[in-house]
Number of protein chains: 2
Amino acid sequence: MKYQDDPFKGNFDSLEEFADRISDLLQCPITIEDANHRLIAYSAHDDYTDPARTATIISRRVPEKVINSLWKKGVIPALLSSQEPLRIETISEVGLGNRVAVSIWKNQEVIGFIWALETDRTLSKDDLELLKKAAKAAKNKVLQLYMRKNKREERVQEFFWKLLTGHITANEEIKENFDFLQIPTAPLFSVFVFRFANDITSDIEKQISYILQTTQQIQVLLYTVDRSDFILLAAPKSTRQPLAECSQFIASFATKMKERFHIANIQSSFGGIYETFEYIEKSYKEALTVLSMKEKFPAQTASIYGYQQLGIYQFFDLLLEKKRQGELTNSTLAKLQAYDEKHHTNLIETFEVFFDHDSNVNETAKALNIHPNTLSYRLKRIAEIGEIDLHDMNQKVKLYIDIKLAKYEASH
Amino acid sequence: MKYQDDPFKGNFDSLEEFADRISDLLQCPITIEDANHRLIAYSAHDDYTDPARTATIISRRVPEKVINSLWKKGVIPALLSSQEPLRIETISEVGLGNRVAVSIWKNQEVIGFIWALETDRTLSKDDLELLKKAAKAAKNKVLQLYMRKNKREERVQEFFWKLLTGHITANEEIKENFDFLQIPTAPLFSVFVFRFANDITSDIEKQISYILQTTQQIQVLLYTVDRSDFILLAAPKSTRQPLAECSQFIASFATKMKERFHIANIQSSFGGIYETFEYIEKSYKEALTVLSMKEKFPAQTASIYGYQQLGIYQFFDLLLEKKRQGELTNSTLAKLQAYDEKHHTNLIETFEVFFDHDSNVNETAKALNIHPNTLSYRLKRIAEIGEIDLHDMNQKVKLYIDIKLAKYEASH
DNA sequence: ATTAGTTTTGTGGATTTCCACAAAATGAAG
DNA sequence: CTTCATTTTGTGGAAATCCACAAAACTAAT
């Protein structure tokens with residue numbers, strides 16, 4: 001027998017030592033990650049490592065594109081469903097050389113991975129068996145790590161909730177807590193809310209957490225769960241186009257949840273993007289506002305995620321209330337409504353769609369399935385019947401808002 | 001001596017009889033009007049009368065175009081400043097033949113006019129002297145008429161104030177009063193407010209009243225004075241384009257006040273146009289709102305008179321309040337402001353003017369004195385720097401409103 | 001069924017917008 | 001003063017808009 005019965009019996013001071021031990025035995029570079037692909041340990045005295053491993057060690061996490069690639073090739077799903085070591089062929093696009101991987105299990109759950117690079121030699125069947133044993137042996141060490149993390153996690157959670165509910169408002173105090181709990185800080189941040197169809201189980205929470213930990217589109221600062229809401233404090237990477245980054249992140253989050261875990265129908269939003277931490281509560285509330293408006297106006301707000309993009313819907317409830325008090329009557333709207341009613345025309349819808357399409361004749365005509373000239377005729381009629389000057393943006397805006405208000409009231 | 005000393009010494013039952021008497025003596029058709037050119041009496045047994053007189057008798061008031069013409073020719077001003085009879089040459093454009101006019105005075109005030117048509121014969125110097133005597137003799141009769149009017153006027157005033165302040169709300173009761181006080185009714189009406197630079201003296205009130213009585217653009221129902229405000233309940237003639245009529249009326253009112261009485265700087269407005277009388281109070285309040293917004297936004301609202309045209313300014317105060325509570329922040333605006341500040345650019349102004357000009361590139365460029373391409377370059381920069389999608393009308397509207405809000409706050 | 005009024009679609013041409021590209025002009029930083 | 005980035009202005013061609021006019025389709029009455 002090449003190896004002794006249990007080569008991992010001894011007590012290791014750290015997981016680094018453990019990694020070195022495996023590396024010695026298998027004669028290849030070893031990397032140990034947690035379930036979220038964060039680096040736990042790696043073997044030190046290796047001559048050659050491929051670009052993927054280098055990047056992983058430098059940033060202490062596996063690069064997102066590597067993870068994406070592994071998901072697409074079915075590697076991760078396979079590791080998540082079997083305790084057997086798995087050989088992965090070179091994926092040169094992401095700088096990944098030949099390697100073998102095995103997952104570390106605790107009961108029915110994967111809590112980490114061990115990667116062995118096949119740089120000089122290809123591992124034998126025995127080697128794979130050994131790797132499997134190593135995975136079993138790593139379990140306890142990794143678990144300890146999780147336990148330490150969990151204790152910290154509890155304090156972090158409590159702190160986050162205080163922030164979200166506005167129970168800590170002094171900027172100094174907030175900063176101290178960030179430092180103490182070793183939460184990274186960022187120049188800009190926003191609160192995201194992902195609302196799921198049902199209450200979030202711990203399984204789902206882990207899946208979300210997995211996606212967040214592996215994404216590099218955005219910097220994750222804090223997150224927590226509130227029934228069916230997953231609440232996240234995160235920071236865009238750049239300060240130049242933060243809004244775009246946040247929107248893209250939401251889109252890709254939804255895609256990943258669907259592709260990887262088959263969870264769809266997530267309503268997502270984020271609040272204002274701010275610089276100082278006092279605004280966390282505000283950003284959270286704004287994110288909730290976005291969700292509630294998305295519920296009220298599914299069609300209009302389908303492509304809206306950020307509070308900023310809510311536009312006029314930000315003060316919609318205010319106007320609605322005023323309207324309910326009998327204010328804000330609009331004679332143009334009344335006349336058009338009367339005309340539509342009497343002659344079975346679509347003047348109001350026409351105007352609304354036209355405005356929604358940025359006064360673009362062609363797009364609007366397509367959206368309404370009418371000839372462009374028909375549109376222009378209708379607009380002429382709208383101006384006549386509604387006594388509105390269609391070159392007066394002020395009046396047009398008012399009419400547009402009043403239409404949206406009326407529409408909402410009619411449907412509720 | 002052709003005539004006896006005082007041919008008008010006798011007692012006349014009515015002013016009609018009086019008119020006939022003058023007609024007999026001068027051998028020509030006679031018309032008597034009050035100070036506002038409303039028909040009081042006319043001689044009956046005349047063969048020929050010119051079109052202007054016919055129209056006057058039919059509608060019981062002198063046609064507006066005739067009055068306008070007489071003002072332009074200086075006839076009315078002359079009659080208002082002298083007690084002497086005045087000969088007026090034919091003004092064929094308005095169907096006015098040769099005639100002589102004299103004003104009826106009470107103390108320093110003109111209370112009416114007598115017109116003598118020179119159909120068959122031209123009046124001699126003696127005839128003119130007689131006409132002057134007739135004017136003096138008419139004084140008491142006309143005064144009695146005014147007295148009767150004044151009594152009614154008092155009741156009408158009280159009623160109008162009750163309407164304006166919402167002290168009569170039952171439609172039935174309102175209708176009864178309209179009937180009882182013989183106020184004409186109309187299918188549509190609105191409350192107008194003309195705000196003068198100073199408190200309205202009874203002289204000015206008479207001048208306003210004069211213009212109102214002689215205008216035929218709009219049907220005057222009721223009016224009253226409140227310090228520097230002249231408040232008017234009036235009805236547009238047509239039901240198809242009531243807004244346009246009301247606006248035109250305001251414009252022409254201002255012109256006439258300036259041309260005829262040299263009173264400028266009148267702030268004018270009208271409220272919503274309604275069908276039922278319960279809305280008089282509302283319309284009045286709306287007219288006041290328009291005035292207050294015109295005070296706050298002189299430039300933006302210069303061409304706005306109707307509440308309907310106020311557009312977004314209808315709910316401006318509401319938004320302002322919300323903004324003051326720290327809501328409605330707009331990161332796009334903030335970024336643009338910062339950029340403008342730092343680089344001495346005009347991105348915000350550019351957007352505002354562009355939107356004010358209905359997104360018309362050429363007009364906006366002219367208004368800003370820049371090349372159209374410069375405008376489009378700036379818009380591109382606005383989209384980049386402000387992270388705003390300029391095809392998204394919703395966001396544009398929000399930014400536009402936020403700019404107006406910020407502008408207002410900066411200047412107050 | 002006919003008719004009058006309204007609405008829709010089509011055609012063509014003048015005007016305007018949009019966009020890419022490039023040359024000036026400007027202005028701030030070294 | 002030079003340099004570099006930004007802004008402004010200019011040119012030209014493709015695309016879109018606007019507008020007038022007219023035929024066709026549709027609707028609501030008589």
Side-chain angles (χ1 to χ4, degrees), chain A residues 238-241 332-393 395-397 400 403, chain B residues 238-241 332-393 395-396 400:
Chain A
S238 89
T239 50
R240 288 184 60 92
Q241 309 266 301
T332 297
L333 179 56
K335 283 175 200 156
L336 293 178
Q337 270 170 337
Y339 196 90
D340 273 353
E341 177 90 6
K342 192 169 177 189
H343 298 88
H344 312 292
T345 47
N346 302 306
L347 299 183
I348 291 176
E349 187 200 6
T350 301
F351 180 86
E352 186 190 358
V353 175
F354 183 61
F355 214 71
D356 273 333
H357 286 81
D358 195 31
S359 305
N360 182 308
V361 174
N362 268 319
E363 278 183 34
T364 311
K366 265 179 214 156
L368 290 169
N369 286 316
I370 57 174
H371 193 278
N373 283 0
T374 304
L375 174 59
S376 85
Y377 170 76
R378 286 192 189 168
L379 290 173
K380 205 187 73 186
R381 295 292 285 148
I382 288 170
E384 289 169 2
I385 295 165
E387 270 209 290
I388 182 173
D389 176 4
L390 289 184
H391 297 294
D392 183 342
M393 190 53 90
Q395 282 187 65
K396 283 197 286 186
V397 167
Y400 179 69
I403 288 177
Chain B
S238 89
T239 51
R240 288 183 58 91
Q241 310 266 298
T332 298
L333 179 56
K335 284 175 201 156
L336 293 178
Q337 270 170 336
Y339 195 90
D340 273 355
E341 176 91 5
K342 191 169 177 187
H343 298 88
H344 311 292
T345 47
N346 303 306
L347 298 184
I348 292 176
E349 186 200 7
T350 301
F351 179 86
E352 185 190 0
V353 175
F354 182 62
F355 213 72
D356 273 332
H357 286 80
D358 194 32
S359 307
N360 183 308
V361 175
N362 268 321
E363 278 184 33
T364 310
K366 266 180 212 156
L368 290 169
N369 285 315
I370 56 173
H371 193 278
N373 284 0
T374 304
L375 174 59
S376 84
Y377 171 76
R378 286 191 188 169
L379 290 173
K380 205 187 73 185
R381 294 293 285 147
I382 288 169
E384 289 169 1
I385 295 165
E387 270 207 290
I388 182 174
D389 177 4
L390 289 183
H391 298 294
D392 183 343
M393 189 54 92
Q395 283 188 63
K396 284 197 286 186
Y400 179 70

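So you know, we letter chains A, B, ... as the sequences are listed, proteins then strands, and number each from 1. Because the structure is predicted, anything quoted here is derived from the model rather than measured.
Only one option out of A:Asn346, A:Ile403, A:Ile388, A:Ile385 pairs with A:Leu336 in a side-chain contact (heavy atoms from CB on, under 4.5 Å); it is A:Ile385.
Applying the ring pair (Phe, Tyr, Trp, His ring centres under 6.0 Å) criterion to B:Phe351, with sequence neighbours excluded, gives B:Phe355. With sequence neighbours left out, B:His343 forms a ring pair (Phe, Tyr, Trp, His ring centres under 6.0 Å) with B:Tyr339.
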Residues B:Lys366, B:Glu363; criterion salt bridge (Lys or Arg N to Asp or Glu O under 4.0 Å); working and verdict: CA-CA 5 Å; B:Lys366 266 180 212 156; B:Glu363 278 184 33; over 6 Å; no
Working for side chain to side chain contact (heavy atoms under 4.5 Å, CB included), residues A:Leu333 and A:Gln337: CA-CA 6 Å; A:Leu333 179 56; A:Gln337 270 170 337; 4.0 Å; yes
Run the side chain to side chain contact (heavy atoms under 4.5 Å, CB included) check on B:Lys396 and A:Asp358 step by step: do they pass? CA-CA 9 Å; B:Lys396 284 197 286 186; A:Asp358 195 31; 2.6 Å; yes
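In this structure, B:His357 contributes its side chain and B:Ser359 its backbone to no donor-acceptor pair below 3.5 Å. In this structure, the side chain of A:Asp340 engages the main chain of A:Ile348 through a donor-acceptor pair within 3.5 Å. At distances below 3.5 Å, at least one donor-acceptor pair connects side-chain atoms of B:Asp389 with backbone N or O atoms of B:His391.
Here the range on DNA chain D touched by chain A, meaning any atom under 4.0 Å from one of its heavy atoms, is D:dA16 to D:dA28.
In terms of heavy atoms, A:Asn362 sits closest to A:Pro372 at OD1-CG, 3.9 Å. Nearest approach of B:Leu347 to B:Ile382, heavy atoms of both residues: O-CD1, 3.4 Å. The two residues B:Gly386 and B:Thr332 have their closest heavy-atom pair at O-OG1, 2.8 Å.
Axis orientation changes by 40° from one end of the helix from C:dA1-D:dT30 to C:dG30-D:dC1 to the other, with each end axis drawn from 5 pairs and the value rounded to 10°.
Contacts with DNA chain D (heavy atom under 4.0 Å) in residues 370-383 of chain A: A:Asn373, listed by number. Contacts between residues 333-366 of chain B and DNA chain D, defined by a heavy-atom separation below 4.0 Å, involve B:Tyr339, B:Thr345, listed by number.
Distance B:Leu390 CG to C:dC18 P: 11 Å, rounded to the nearest Å.
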